[in-house]
Structure formats: C-alpha cells, structure tokens
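Below you'll find the structure, written out as structure tokens, and then a few comments.
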Amino acid sequence: MVSGDPQVFEITWLTLRVTGVATLISVVIGIPLGTLLALRRFIGQRTLMALIYTGMGLPPTVVGLWVSLFLWRTGPLGALRLIYTPTAMVIAQAIIAVPLVAGLTVAALQQLPPKLRLQVMALGASRWQLIRLLLREARLGLLAAVMAGFGGVVSEVGAASMVGGNILGETRVLTTAIMLEVSRGHFDLALALSFILLALAFAVIALLTTAQQRRRPA
Amino acid sequence: MKTVLRGENLRLAKGDRIILDVPEVEVREGEVLALIGRNGAGKSSLLLVLAGLEEKYEGQLFFAGQRVTPASLVAYRRHLAVVFQEPLLLSTSVRANVEAGLRLRGLADGPAREQADVWMVRLGLAALARRPAWALSGGEAQRVALARALVCQPQVLFLDEPFASLDAPTRNTLLEDLQEILAATRVTTVFVTHDYRELPLLAGRVAVMEGGRVIQDGTPEEVLTRPATLAVAELVGVENRLPGRLGPGENGRPAVALGSGLKLVAAVESVHPGPVSPEGGRVAAVFRPEEVVLRPAGANPAGGGQAGPDRYNCFPAQVTRVLPAGAQDKIIIEASGTEVVALVEHRRARAWQLQPGCPVEAEIDPEAVHLIPY
C-alpha cells in the first residue's frame, strides 16, 4: 500500500465496501429486530430469540455453504447470477452479522432500568417517541452491537471465499487475499495485508469507540 | 370536590393471582390521596393502572368524566405526571431532563426553556442545569425527577414512594419542599407510601391496601387512630394491640377486659367497623404508644393525662425495657402481665431515671383507645 500497489488499494477498497454495506444491512435489520424482541411480547418470541442467540455463534463456513447452495447457478436463486460477486459476499456477511447486532441490541435494551420504559411513557411519549428515547438511552450498548457486527464481517474469511470465489479484481478482499498469500508461501505480503486489515479494523472501531465513550457515565 | 379520576371494577391479575381488585376508587380535584400498604398490597399496581401505565387491567377508568380507552391513552398520560422511587433520569443534562416531558408534548425550545427554568429555580436546580444526570446525588436526581413532573403542570401527579431510597436528612428536606409545592399548586396528587409518618405531612385522604383491595379509606387521623383491622393498626405504627373481651361499659363507654385482668375503657364511638360487638365478644384494644402518659409512681398527675373527675385507664406498672428511639425513648411497661408500649421524651426519661424495674403509673385517655373486633 505504501508503495502504491493499485491491486492492494483495490482489495482494501472492496473490503471496505463489502464490510461497510454488510454492517449497514445488519444494523438496518438487526436493530429493529432486536428492539422488537426486547420491547414487545408475541408468540414465538422465545424461539426467535433462541435462533438469534444461536446465530451469534454461527460458523461462517456454514453460512458460506448455505448461501453458495442458494446462489449456485442451479440453486433456487441461481437465476440472479450472484455467486462469486461482491453482492453474494455482502449477503453472506450480513447473515453472519444480523444475529450479532440483533442479539446485542436485545441485551442493550434489556439492560435499561425496567421502569424506565414506564417513566418515558408517563412523560407522555407516543409509541415511536418511546422507542426512539429507549434506543438513545441504550446507545452505548447499540454501538457495541454495531462494533460486534463490523468485527464479525471484517474478520470473516470462510464465507467470503466460498461465495466470492476470491477472484482477483472482482471478489478478493483482505482476508481472502491473506489466506491465498499464505498458501503461496508469500508470508511478507500476507503480513503486510494483515497490517492493513488491522489498521482498517482499528480505525473503524476507534471511531465507533470514540462515539460510544464520549458521554459515557463515569 | 369534583372527581377528576374514577376507576370502576379495577382488576389486575398476574398469572392466576389477583393482585388488584378495587370495585371503586375516586380521586377528587385538589386532594392528596395516599395509598399505603405492605409490599405486595397492590398500591403500586393501583397507581400504575390509574396512571394509564398498566394496560392489562380489567375495568374502566374515567378522567374528567371521559372514559380512558387504549386509543386515548397517550393523550390521557399527557395530563399526568409520575415520579417513581428511582429518579429514572435520561442520560443527558439536568435541563434536558426537566424539559423532556414538554418536548414530548411538542413544546418549542423557548417556552420549554422558560417553564423548565421556573421549576429548576424552585427546586434549587438552577446551578445544576448543565450537569449530566449521572453526576447527581440521589437527592438531586429525585429533585430533577420532581421538577420534570411538575413542569408539565399535570392535572394529576402520581408519586410512587419517591423518597423511599433516600437518606433521612435528604428525605426530610424533600418532604418539606413537596409539602410546600403541593400546598401552593393544589395539584391533585396520588402518592404511594409504606411509611405512615408521611401521611399527616402530605395526605388529605388515605386508602389502606391489603391483598389488592382497599380495606380502609379515611383521613390520616382516622387511619392512624382508628385502624380498620389489626393488620392496618400494625402498618400505621399502633404498637399496642391488646386482645381481650368486651366487658360491661362504664358510663356508657365500652370497656375491654384484657386477659390479664386489666380493664381498658374506650371512647364511645370507638368500635370499628360497624356495630359494637356483643358483650363477651373478642375485641382488641388498640392505641398508639404516644397516647400512653407515663409518670414515676407517686408523682403528681398534673401536666399530663385526663382532666376532670372521671379518670379512666390509670394503672400502676413496672418498666421492663427502655429502647432509645431518637428524641424519644420507647418504654415497655408491664401491668398485671400485660405489656404496653409508651413513648417518653428521652430527656424526661433520663430525669426520671426510667430503667427496668422502675415502678411507674400509666394513663391512657379513653378517647385514644380504639376497639377492633377480631
């Protein structure tokens, strides 16, 4: 990267795009899902919670396998021609991250004082005002959920290589590139790529941590 | 007084257990209604139902004559304010907390700020306006919670044991402030407490709850001196609850013969509830320890006790225990095998050198003796 290798830039940029979009999707799905699970009571809630908590420990290779089977040209979604594309990688990574974000959102909301919800209702909040206020109160936990989601996708390699195919210039990301270079015996290059990945992860997490800790109670 | 809030056939169940069963409850305009009871008596549940915060109840709720429905709940809650035992402040500044209710009602910055300023000054929070809520002490936080409720100019203010978790000096100061505010604003208030000492300070009416039901409804004086049941008597600090049987009266006054042979004469209208038990019926003579006048044996009765020729309930006794209780000492005396609790100023108890074994003379005004059939 320091020497200005365009391939490395490309791989880094794709990594950012794939992980960024996957994290965004996981936040868009995971936070409302977690909010629903934490604040409402409905039939099948416990089963859904159990599924989400199971999903938090889902092996990426299993996700990669299932997404591959669905997106394979002869699979149910084969007509979409998504296998070995960045979109397929985003789908697989989002599936990995959604349970993480949803599960930690449930935990963040359930950690609020039980009567806070009543207090906010007593202040005259409508249903949406209530949800907005509770999410704001749980923001430290929610940022942790986003960090966990991002951490889950940025470090993931199994699913990305299975559904992406690790095609240079198309679906190669930092993790899959590191894996490839190690298998080729190019440890120096693999090490350099690992530093880029670490720096990238550190920059994003540092940003989120700063936002999280800015108004943290002592 | 006009009825502001009325509940009819209010029932609430948790699983198979009925935790609230109140056929009728009314809150009148400008009154301070206290709900008192033991833990699990249903007082907080009743408060939550009345405040529109418990949606799974049976029965009807009417506010200003209008039925409260699920569709009108948010609008209804905007006429009210609630302060819980924990301050439950939002993790933002003191000012933002005080303004929170106004903001949720859609009030603009300027008016919200102005109204918040008024209550922050009144509750001594002006200097703390920019401080984050998490940096406040317990007392300060509860003041913010109170300001946040009062700034909304509620038509009914609900207080759910707001001072229960505070230390004694902070609680006393806040109680005094709240007394002044309630007297000045005349805001209709429903407050939950398990501390009977708060009743005469704040309440105009008291509903005593037990097992989800209201078992006594009256003025603080009635509840404190004429408890409906022995359980209520115990709840409101009536430590003398002496079992006996209704005996022949004296000069038209009912009297109770205690098992020990001691006889206590009660006030004419002292039997609660309903008609006087038949002679020989089981009754308990109940009276507050502060109603027992003690003096050293042989001392001049002047300066305490009953006036006039008809003096009842005077008997010799012996001190068995002396327990310090703040400015007063709790003196346990025994008369003919019956234990009676009295309160004597600590200073006086020391001057009289009251200690176990001391002979004393006790006197109880019949007007202070209440009889409860059991």
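Convention: sequence-line order gives letters A, B, ...; per-chain numbering from 1. We use all heavy atoms of the structure for the numbers below, so side chains are in, but hydrogens, waters and symmetry mates are not.
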query = Under 4.5 Å, heavy atom to heavy atom, which residues of residues 82-102 of chain A contact chain B?
reply = none

inquiry  = Checking an interface table here. Which of residues 105-127 of chain A come within a heavy-atom distance under 4.5 Å of chain B?
reply    = A/Pro113, A/Lys115, A/Leu116, A/Leu118, A/Gln119, A/Val120, A/Met121, A/Ala122, A/Leu123, A/Gly124, A/Ala125, A/Ser126

query = So what's closer than 4.5 Å to chain A heavy atoms on B/Leu48: side chain, backbone, both or neither?
reply = side chain

task = Measure B/Leu80 against the heavy atoms of chain A and call it side chain, backbone, both or neither at under 4.5 Å.
result = backbone

With a 3.5 Å cut-off and no angle check, do the side chains of [X] and [Y] form a donor-acceptor pair?
X        : Y        : result
A/Ser161 : A/Asn166 : no
B/Thr193 : B/Glu161 : no
B/Thr69  : B/Ser72  : yes
B/Glu29  : B/Thr188 : no

Under 4.0 Å between a Lys/Arg side-chain N and an Asp/Glu carboxylate O for [X] and [Y]?
X        : Y        : value
B/Lys56  : B/Glu54  : no
B/Asp117 : B/Arg95  : yes
B/Glu180 : B/Arg186 : no

task = Run the numbers on B/Lys43 and B/Asp160 for salt bridge (charged side-chain N to carboxylate O under 4.0 Å, His left out), then give the verdict.
result = CA-CA 9 Å; B/Lys43 50 196 193 300; B/Asp160 190 358; over 6 Å; no

inquiry  = For A/Glu10, is there any backbone N or O sitting under 3.5 Å from a side-chain donor or acceptor partner on A/Gln7?
reply    = no

query = If we only count heavy atoms from C-beta on, is the B/Leu10 to B/Leu50 side-chain gap below 4.5 Å?
reply = yes

task = Drop me the distance from B/Glu140's CD to B/Leu166's CG, to the nearest 0.5 angstrom.
result = 11.5 Å

message = Looking at chain A, which one of B/Leu73, B/Leu102, B/Leu88, B/Leu89 has the largest number of heavy-atom pairs inside 4.5 Å, strictly under?
response = B/Leu88

